[in-house]
Q: 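Dropping the structure in here first, questions after.
Protein chains get the first letters and strands the later ones, always in sequence-line order, with residue 1 at the start of each. These numbers come from the heavy atoms of this one structure, side chains and all, not from hydrogens, waters or symmetry mates.
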Amino acid sequence: MLDIKYLRNHFEEVKDKLHARGEDLSDLEQFETLDQSRRTLIAKTEELKSERNNVSKQIAEMKKEKKDADDYITKMRAVGEEIKKIDQELREVEEKLDKLMLSIPNIPHESTPVGETEEDNVEVRSWGDVPSAENLKPHWEIGTNLGLLDFEKAAKVTGSRFVFYKGLGARLERALLNFMMDLHADEHGYEEMLPPYMVNRDSMTGTGQLPKFEDDAFKIDGWDYFLVPTAEVPVTNYYRDDILSIDDLPAKFVAFSSNFRSEAGSAGRDTRGLIRQHQFNKVELVQFVKPEDSYEALEELTKHAETILQRLELPYRVMSMCTGDLGFTAAKKYDIEVWMPSYETYREISSCSNFEDFQARRAGIRFRREEKQKPEFAHTLNGSGLAIGRTVAAILENYQNQDGTVTVPKALQPYMGGKTIIS
RNA sequence: GGAGGAAUACCCAAGUCUGGCUGAAGGGAUCGGUCUUGAAAACCGACAGGGGCUUCAUCGCCCGCGGGGGUUCGAAUCCCUCUUCCUCCUCCA
């Protein structure tokens with residue numbers, strides 16, 4: 001959410017900046033009317049309330065002195081009616097204004113490249129050599145042939161875009177989960193967290209999934225609960241409506257969760273393999289920082305995610321998302337893309353974002369620099385560190401051997417009971 | 001699932017039955033001061049956040065006793081509703 005005062009005072013400037021995102025800004029035109037009538041109504045009702053407060057005190061005095069106060073009471077009855085009417089009107093205006101404010105995306109940071117589509121994203125750096133082997137199989141074939149993955153059984157038991165991991169496949173997923181959690185907790189200074197897999201509406205609104213993207217979420221029938229699309233939601237909302245002390249910042253959490261996405265609008269895309277599932281596992285990094293530190297923190301957090309790929313010796317590149325490809329909530333975003341041999345291209349495996357105070361404002365996440373000072377909004381960041389299913393896919397493809405087996409990356413061998421090869 | 005009880009400021013806690021100098025007693029913690037060689041103790045003082053209008057800034061005004069509604073001239077106090085927590089029964093990984 002944007003600062004309403006900033007929007008009021010820099011309306012044209014904000015509009016221009018949002019235009020670069022390719023957003024439909026037609027709703028924004030209501031802003032000035034709604035904002036103005038809200039303030040007018042508040043002034044009216046508060047003046048009447050002030051009068052009511054004063055007269056009610058007088059009535060109390062008169063009653064105590066056994067004087068007749070009926071005239072005042074009659075008068076205040078009318079004032080009360082008027083207040084009720086204005087308050088109702090105010091509520092309607094505020095509801096509309098809230099809805100509008102919640103639907104305005106974040107303003108891109110000045111360092112975010114301007115562009116319309118993913119074609120305009122900018123490569124920041126790349127790591128590792130892209131192999132030029134032939135005869136490469138896609139990961140679903142490798143995984144199915146080796147008995148690591150079973151998509152057919154999952155389709156029977158649940159439906160499309162689900163998978164069973166089996167044997168060493170299940171073990172590989174679990175090894176990666178432990179490897180990633182250990183690395184971030186032990187070497188990168190994150191506190192470990194296992195969050196709930198369901199969250200309420202306020203949490204989904206706080207991080208920006210709602211109200212605009214309800215179609216993307218799985219909602220629990222009969223409850224106002226949603227399956228988490230990412231651990232970002234429960235972990236960021238951990239501090240919702242809290243005022244942190246300056247000593248709490250930076251707060252860094254690494255959380256594992258399964259993630260659930262409806263993939264509405266993705267019909268026909270990535271229908272095979274692990275790339276696009278309704279349920280997938282992910283290790284997520286979340287940081288709460290002081291505003292002046294957030295861009296440094298974004299670089300740091302992105303490097304933390306990259307470290308995983310470097311230890312696994314998987315080639316990747318880092319892309320800076322352009323204004324048109326930023327997503328709703330981010331001011332700046334890096335995608336880390338891993339090399340996928342069978343696709344002969346890089347595929348997203350991590351997304352690292354600085355939301356500045358956009359989420360903090362929605363979720364009421366604040367901190368105080370000094371005891372008596374006014375609270376300020378913190379900056380929030382997060383990034384995948386990493387998406388585990390896609391990491392499995394990348395390992396199967398990049399570490400496949402001509403005989404159909406898969407070599408276990410060195411860094412994972414301790415987590416695989418010393419196994420060096422999956423056959 | 002059934003039956004009860006509770007939610008007051010950083011923490012504890014009075015007030016709720018009997019609505020009105022409660023814009024919230026009292027205690028603790030914290031911060032500042034007096035005293036002291038220093039500390040402790042004692043004593044004095046401070047201690048709610050948010051929104052709006054106005055202002056250079058203050059002052060002032062509105063909201064505020066878990067959330068949201070309602071009754072009333074007036075609500076921490078009465079009514080409805082939701083949430084969370086506790087006790088007992090039942091069930092359960």
Side-chain angles (χ1 to χ4, degrees), chain A residues 1-9 11 31-102 194-206 210-211 219-220 222-226 234 237-249 257-258 357 360-378:
Chain A
M1 196 156 59
L2 303 181
D3 179 3
I4 192 163
K5 281 188 203 153
Y6 190 87
L7 181 59
R8 183 184 302 146
N9 297 328
F11 190 68
F31 172 77
E32 282 175 305
T33 321
L34 288 173
D35 181 51
Q36 188 53 56
S37 55
R38 169 173 170 270
R39 284 190 290 163
T40 310
L41 290 170
I42 287 175
K44 270 196 218 163
T45 186
E46 287 190 355
E47 196 183 316
L48 292 173
K49 280 175 186 168
S50 177
E51 185 189 351
R52 182 177 69 181
N53 287 345
N54 289 329
V55 176
S56 288
K57 255 180 220 164
Q58 283 179 41
I59 291 172
E61 290 292 323
M62 294 171 77
K63 290 240 175 184
K64 197 183 282 174
E65 293 164 20
K66 309 270 183 228
K67 284 197 230 160
D68 176 48
D70 285 356
D71 282 356
Y72 286 106
I73 290 176
T74 312
K75 230 169 108 191
M76 283 308 101
R77 197 171 289 157
V79 171
E81 290 302 316
E82 182 71 7
I83 289 173
K84 208 176 285 181
K85 214 182 85 199
I86 296 171
D87 277 351
Q88 179 57 33
E89 218 175 314
L90 178 61
R91 232 174 314 197
E92 283 162 19
V93 168
E94 284 190 324
E95 201 174 306
K96 279 185 200 156
L97 190 61
D98 280 352
K99 217 171 134 197
L100 175 63
M101 291 305 290
L102 287 173
L194 291 176
Y197 286 9
M198 293 184 205
V199 293
N200 59 31
R201 183 171 292 273
D202 284 345
S203 294
M204 290 287 274
T205 306
L210 296 182
K219 183 160 186 305
I220 307 297
W223 297 67
D224 211 16
Y225 290 171
F226 299 82
N237 279 282
Y238 182 78
Y239 283 137
R240 173 153 50 81
D241 296 326
D242 280 352
I243 298 178
L244 304 172
S245 129
I246 187 98
D247 302 327
D248 296 329
L249 302 181
S257 82
S258 289
D357 64 6
R361 202 179 290 281
R362 292 175 155 246
I365 302 166
R366 296 177 294 174
F367 74 102
R368 232 189 281 276
R369 290 187 194 269
E370 308 225 13
E371 211 155 323
K372 294 284 158 196
Q373 270 185 349
K374 273 206 158 209
E376 295 173 47
F377 289 109

Q: Any protein N or O atoms within reach of nucleotides 69-76 of chain B? Criterion: under 3.5 Å, listing atom names and distances.
A:
| from | atom 1 | to | atom 2 | distance (Å) |
| --- | --- | --- | --- | --- |
| B/rU71 | OP1 | A/Lys84 | NZ | 3.1 |
| B/rU71 | OP2 | A/Lys84 | NZ | 2.8 |
| B/rC73 | OP1 | A/Arg77 | NE | 2.8 |
| B/rC73 | OP1 | A/Arg77 | NH2 | 2.7 |
| B/rC73 | O2' | A/Ser56 | OG | 3.1 |
| B/rG74 | OP1 | A/Arg52 | NH1 | 3.2 |
| B/rG74 | O4' | A/Ser56 | OG | 3.1 |

Q: Partner of B/rA25 by Watson-Crick or G-U wobble geometry, both contacts under 3.5 Å, or none?
A: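 For B/rA25, the partner nucleotide comes out as none, under the 3.5 Å rule.
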
Q: Has the side chain of A/Glu47 got a donor or acceptor that lies under 3.5 Å from a partner of the other kind on the base of B/rG52?
A: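 Answer is no: no donor-acceptor pair is held.
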
Q: Can you tell me how far C1' in B/rG51 sits from the matching atom in B/rC47, rounded to whole Å?
A: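 Approximately 22 Å lies between the C1' atom of B/rG51 and that of B/rC47.
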
Q: Does a side-chain N-to-carboxylate-O contact under 4.0 Å join A/Asp35 and A/Arg39?
A: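 Yes, this pair counts.
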
Q: How far, in whole Å, is B/rG23 from B/rC61 if one measures between their P atoms?
A: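 Between the two P atoms, the distance is 14 Å.
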
Q: Which of these nucleotides, B/rG49, B/rC62, B/rU84, is closest to any side-chain atom of A/Arg368?
A: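 The answer is B/rG49, which lies nearest to the side chain.
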
Q: Side chains of A/Phe377 and A/Asp3, heavy atoms from C-beta outward: is any pair under 4.5 Å?
A: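 No - every pair of side-chain heavy atoms lies 4.5 Å or more apart.
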
Q: Using purine N1 to pyrimidine N3 plus N6-O4 or O6-N4 for Watson-Crick, or N1-O2 and O6-N3 for G-U wobble, each under 3.5 Å, what pairs with B/rA42?
A: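 Across all strands, the one nucleotide that pairs with B/rA42 is B/rU34.
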
Q: If B/rU84 has a Watson-Crick or G-U wobble mate with both distances under 3.5 Å, name it; if not, just say none.
A: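 The base-pairing partner of B/rU84, which may sit in any strand shown, is B/rA6.
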
Q: What distance, rounded to whole Å, do you find between the two C1' atoms, one in B/rC79 and one in B/rU71?
A: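 Rounded to whole Å, the distance is 7 Å.
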
Q: Taking pairing as Watson-Crick or G-U wobble with both contacts under 3.5 Å, can you name the mate of B/rG74, or confirm there isn't one?
A: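 Across any shown strand, B/rG74 pairs with none.
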
Q: Using atom P of each nucleotide, how far apart are B/rC43 and B/rC56 to the nearest Å?
A: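 My reading of the P atoms in B/rC43 and B/rC56 gives 47 Å.
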
Q: Quick test: give all pairs of protein nitrogen or oxygen and nucleotides 53-56 of chain B nitrogen or oxygen below 3.5 Å, distance rounded to 0.1 Å.
A:
| from | atom 1 | to | atom 2 | distance (Å) |
| --- | --- | --- | --- | --- |
| B/rC53 | OP1 | A/Arg39 | NH1 | 2.8 |

Q: Between A/Arg366 and A/Asp241, is there a side-chain N and carboxylate O pair less than 4.0 Å apart?
A: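 No salt bridge links A/Arg366 with A/Asp241.
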
Q: Would you measure the distance from the C1' atom in B/rA40 across to the matching atom in B/rC21 and give it in whole Å?
A: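 41 Å, rounded to whole Å.
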
Q: Is A/Arg77 salt-bridged to A/Asp70, going by a charged N under 4.0 Å from an acidic O?
A: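 Answer for the salt bridge query: no.
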
Q: Could you list the residues that satisfy side chain to side chain contact (heavy atoms under 4.5 Å, CB included) with A/Arg240, not counting sequence neighbours?
A: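 With sequence neighbours excluded, A/Arg240 shows a side chain to side chain contact (heavy atoms under 4.5 Å, CB included) to A/Asn200, A/Asp202, A/Ser203, A/Asn237, A/Ala363, given in chain and number order.
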
Q: Identify which one of A/Glu32, A/Glu89, A/Glu94 satisfies the salt bridge (charged side-chain N to carboxylate O under 4.0 Å, His left out) criterion when paired with A/Arg38.
A: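 Single salt bridge (charged side-chain N to carboxylate O under 4.0 Å, His left out) partner of A/Arg38 among A/Glu32, A/Glu89, A/Glu94: A/Glu94.
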
Q: What interatomic distance, in whole Å, is found between C1' of B/rG5 and the corresponding atom of B/rA46?
A: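 Nearest-Å result for B/rA46 against B/rG5 at atom C1': 37 Å.
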
Q: If you define the side chain from C-beta out and look only at heavy atoms, does anything of A/Lys44 sit under 4.5 Å from A/Ile83?
A: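 A side-chain contact is absent here, since even the closest heavy-atom pair is not under 4.5 Å.
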
